[in-house]
Structures are given as C-alpha cells and as structure tokens.
**Q** 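Following this message is one structure expressed as structure tokens.
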Amino acid sequence: MVYRRFLCIKDAVACINDKVDLIAVILSISLPQTTRGTDYVCKLKIIDESHPEIPVHVFAQEIDYLPFVAAVGDIIHLSRVVMRIYEGDVYAIFNKRFSSFALYDGKDVENFQPYQVLLRYEARKHDAMIIAGLRKWLASSHVIDEPNFSLLKEINEVGLVNLVCKVLHICKTTDDKWMAFIWDGTDVPPISIYKKPEDEEHNPLPLHFKPLPSSGDVLHTFPTVGTILRLIFDVECMPYILQLLKVRQWFKLFCVECKVHEGLWYGVFTSYSKIQDIPNVDILILERQSNYDCRSLGNLDRMPSWSFPWPSKITEMLYL
C-alpha cells in the first residue's frame, strides 16, 4: 500500500487502495453509531476546490477518539486515510490503527491551532498555507448552504424543524431517557384539544408529560418569558451528545421532530438530527436575546404572545 503525502481530493480519488493525506472542508457529519463489533463509526462529507464532496468513514475504538466537529464549514486534516471504491463511488476510510486527524476553525483567519487532534497527528510546515487557502475559498464560495431556522412560535404542525435554542437543563426521565429543556424566548402556539368533559373528570389532561427538575434551584434559573420546550433524545450515542451539549449555551438543532402529547408540544432528537455549536455573537442569537429583553421590560409583555384578548396597557379608572 503506497502512502502519498498531501493530495487534493481530485488527485486522491485516483489513488484507490493507497494511503493519502487530505485537508478539506467539512460539509456534514453524522452521529456516531456502533459497528457490528465494539467500535464506533461516524461519516463525514468533505470538499475542496478541486472536486465535489466525497464521504469519509471514521472508525474508532472509543467514542472520544471520533471527531467532535464544532460547526459545518470547519476544516479537517486527515492523515493516512485509505481511498476505496464501491459500486463506482469513491470514499475514504479512516483506520483506527494508523490514521489520524486534526480539526480547525473554518472562519478564524488568524488561528492555525487545531481545536481537536488525535494523538498520532503530526503537523507540517505548509499546513497553515493550505488551511488559509481553504478559508479564503470557503468565504467566497457558496458550498455551505445555511438552512432556515424556525422560532418556537412558528411551529404550527407536527414535523421536522431546525431550531436555534439555548439549553437550560439536561436530565434523565423516569423511563431512563435523556431530556433537555430548550428555549428561544418565544411562545409555541396553542393546540386545539378535542376531549369530552366527562373524560376530563376521570382522566384529566396533564400539566406536563415528563417530570420537571426536582431541584428548585434549577427551576429558579429558567426564564420567566417564553416556552421551555422538552427535547427527548432518542439516540444511542448519548455520551457523544453529552460532550457537545453545555447548559446555558446556544445551539443549532437540525431535523428535530416536533410532536404533541395531550395538548403539549415537545421535540425528539433522533439519529437523523444534528447539533452544532454557535458563537454568542451570531445574529440568530442576538435577535432572540433582543426579543426576550424587550418582552422582559414590562409585566404585560411577559404574557404568552398567543393570549387573547390582550389586556389593555391603558390604566382605566372608575369613579363611583
């Protein structure tokens, strides 16, 4: 097996069964899954100026050895990956025994220090020049398509949505599943409930379908304005998710299933969902925080935005 030093993707796809080094932009990353054995695998899609995207299958013995990509558009340096072909499609295999990687911010034009490296990784002198070139190309191209993100108040039907929310708390439910409380400062719309009055007497609608945090100290940290949505994690790779999630930080959530239970909205994070860190200066965060700050100024604005009729903001005086 030949080992070829740094190649662009266009040249690498012609080196079937060879080991190659690649530096490319990350277009997507899947959640880890367990293999038929005891290993973990996640799948990346990468691209550079020379060629359309190709998949990379990353195998690791421990979940901590997989790449924890902070954001789509970041740059990965893959060392000693093996090029393979299956039914005409070329892809790269990251071998847990001899491959290595390093992850770099895709936007920071001055920082050339990786934010995650595997122990076997060795930097080279000209890596910074290649990374700078990829950052410049990425800034001027449109290879990263940003999807639309909904506010909680814009959810109007059961289905998939992309959200930008702050994680307020993470805990386990009574059925041993992980759950996060998320918030964006807006109110989910009300749900029409079709139930007979006599059924309500014997089987009343719940105020919540999952227990609240038992600690009063936790509840006191929750905002007093806006819906706090429960997000249930229906995935096997929770150790990976828990390393990404941080309480009191904002995240982009992709392909979250919005569902209704007994008139209450909740979300489900599945194996098709994705999570991405987001800097505090992002315009999506600033817009949501500004909306919350405005609503927090007065008591009337704290009422759910779907309340009707609104109470008058004019003081009425009755003289007898």
Side-chain angles (χ1 to χ4, degrees), residues 24-32 40 42-47 56 58 60 63-77 101-118 131 134-135 138-139 143-152 160-171 178-185 221 223 228-229 231-233 235 237-256 267-290 292:
V25 175
I26 299 170
L27 287 181
S28 67
I29 180 169
S30 70
L31 291 175
Y40 293 90
C42 71
K43 298 178 182 179
L44 308 174
K45 287 185 179 179
I46 61 172
I47 192 172
V56 182
V58 182
I63 202 166
D64 292 342
Y65 297 157
L66 293 173
F68 286 79
V69 178
V72 170
D74 281 355
I75 294 170
I76 189 167
H77 180 177
F101 70 83
L103 290 172
Y104 296 85
D105 191 302
K107 296 181 180 179
D108 191 339
V109 295
E110 298 180 355
N111 183 13
F112 292 96
Q113 294 298 317
Y115 63 81
Q116 184 190 359
V117 297
L118 208 59
I131 293 169
L134 277 174
R135 286 171 173 167
L138 186 61
V143 295
I144 306 296
D145 293 326
E146 186 78 337
N148 293 323
F149 292 94
S150 301
L151 294 165
L152 292 182
L160 298 178
V161 294
N162 302 318
L163 301 171
V164 174
C165 288
K166 189 176 186 178
V167 175
L168 303 177
H169 183 64
I170 306 169
C171 63
W178 284 95
M179 176 174 64
F181 294 81
I182 60 175
W183 167 92
D184 72 359
T221 65
I228 296 172
L229 189 74
L231 180 65
I232 308 298
F233 290 93
V235 291
C237 55
M238 276 313 298
Y240 183 89
I241 297 292
L242 291 174
Q243 290 195 45
L244 293 175
L245 282 178
K246 296 178 179 62
V247 176
R248 293 185 293 278
Q249 287 197 12
W250 291 82
F251 291 90
K252 291 179 179 178
L253 300 165
F254 303 88
C255 295
V256 170
V268 180
F269 191 98
T270 70
S271 58
Y272 298 100
S273 307
K274 292 182 174 61
I275 185 170
Q276 182 179 312
D277 196 2
I278 180 172
N280 289 330
V281 295
D282 191 285
I283 185 63
L284 294 172
I285 294 179
L286 298 179
E287 289 174 350
R288 285 156 175 77
Q289 193 64 51
S290 175
Y292 167 71

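For the numbers below, each heavy atom of this structure counts, side chains included, while hydrogens, waters and symmetry mates do not.
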**Q** What's the shortest heavy-atom distance between I26 and L103, and which atoms?
**A** CD1-CD2, 3.7 Å
**Q** By side-chain contact (heavy atoms from CB on, under 4.5 Å), which residues pair with L229, not counting sequence neighbours?
**A**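 Per chain and number, L229 pairs via side-chain contact (heavy atoms from CB on, under 4.5 Å) with L152, I182, W265.
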**Q** Output all residues satisfying salt bridge (charged side-chain N to carboxylate O under 4.0 Å, His left out) with K166, sequence neighbours left out; order by chain, then residue number.
**A**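 If we apply the salt bridge (charged side-chain N to carboxylate O under 4.0 Å, His left out) test to K166, skipping adjacent residues, there are no hits.
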**Q** Return the minimal non-hydrogen interatomic distance between Y65 and L118, and the atom names on each side.
**A**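 Smallest interatomic distance, heavy atoms only, reads O-CD1, 3.8 Å.
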**Q** Please name all residues satisfying ring-ring contact (aromatic ring centres under 6.0 Å, His included) with Y40, sequence neighbours left out, ordered by chain then number.
**A** none
**Q** Which value, rounded to the nearest 0.5 Å, describes the distance between L168 atom CG and L231 atom CG?
**A**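 Between L168 CG and L231 CG, I get 11.5 Å after rounding to 0.5 Å.
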**Q** Suppose we screen for side-chain contact (heavy atoms from CB on, under 4.5 Å). Which residues come up paired with N148, at least two apart in sequence or across chains?
**A**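 Testing N148 for side-chain contact (heavy atoms from CB on, under 4.5 Å), a comparison that skips the adjacent residues, returns none.
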**Q** Report the distance from atom CZ of F254 to atom CZ of F269, rounding to the nearest 0.5 Å.
**A**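 One finds 10.0 Å between CZ of F254 and CZ of F269.
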**Q** What distance do L44 atom CG and L27 atom CG have between them, rounded to the nearest 0.5 Å?
**A** 10.0 Å
**Q** Of all residues at least two apart in sequence or in a different chain, which pass the side-chain contact (heavy atoms from CB on, under 4.5 Å) check with F112?
**A** A128, I131, A132, R135
**Q** Can you see which heavy atom on G267 is nearest to which on V256, and at what distance?
**A** CA-CG1, 4.2 Å
**Q** Applying ring-ring contact (aromatic ring centres under 6.0 Å, His included), can you list everything that pairs with F101, at least two apart in sequence or on another chain?
**A** F94
**Q** OG/S28 to NZ/K43 distance, rounded to the nearest 0.5 angstrom?
**A** 11.0 Å
**Q** Could you tell me which residues satisfy side chain to side chain donor-acceptor pair (under 3.5 Å) with Q243, sequence neighbours excluded, listed by chain and number?
**A**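 Listed in chain order: D64.
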**Q** Roughly how far apart are I63 CD1 and M238 CE, rounded to 0.5 Å?
**A** 10.0 Å
**Q** Applying side-chain contact (heavy atoms from CB on, under 4.5 Å), can you list everything that pairs with T270, at least two apart in sequence or on another chain?
**A**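 Result, side-chain contact (heavy atoms from CB on, under 4.5 Å) vs T270: E257, V268, Y272, S273.
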**Q** Kindly state each residue pair satisfying salt bridge (Lys or Arg N to Asp or Glu O under 4.0 Å) with at least one member in residues 275-287, sequence neighbours excluded.
**A**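 Non-adjacent pairs meeting salt bridge (Lys or Arg N to Asp or Glu O under 4.0 Å): zero.
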**Q** Are more than 12 heavy atoms from other residues, nucleotides or ligands located less than 6.0 Å from atom NZ of K107?
**A** no
**Q** Report all side-chain donor-acceptor pairs from residues 66-75 shorter than 3.5 Å, counting only partners two or more places apart or in another chain.
**A**
residue, atom, partner, partner atom, Å
D74, OD1, G106, N, 3.0
D74, OD2, A71, N, 3.3
D74, OD2, Y115, OH, 2.7

**Q** Considering all heavy atoms of both residues, which atom of R288 and which atom of D184 are nearest to each other, and what is their separation?
**A**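 Scanning both residues, the minimum pair turns out to be CB-O, 3.7 Å.
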**Q** Just how far is it from atom CD1 of I76 to atom CG of L134, taken to the nearest 0.5 Å?
**A**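 Atom-to-atom, I76:CD1 and L134:CG are 12.0 Å apart.
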**Q** So I29 and V58, side-chain contact (heavy atoms from CB on, under 4.5 Å) or not? Walk me through it.
**A** CA-CA 10 Å; I29 180 169; V58 182; over 6 Å; no
**Q** Tell me, please, which residues at least two apart from K274 pass salt bridge (charged side-chain N to carboxylate O under 4.0 Å, His left out).
**A**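 If we apply the salt bridge (charged side-chain N to carboxylate O under 4.0 Å, His left out) test to K274, skipping adjacent residues, there are no hits.
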**Q** Measuring only between side-chain heavy atoms, which start at C-beta, is I278 closer than 4.5 Å to V164?
**A** yes
**Q** Identify, with sequence neighbours excluded, every residue that meets ring-ring contact (aromatic ring centres under 6.0 Å, His included) alongside F251.
**A**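 Expected list: none.
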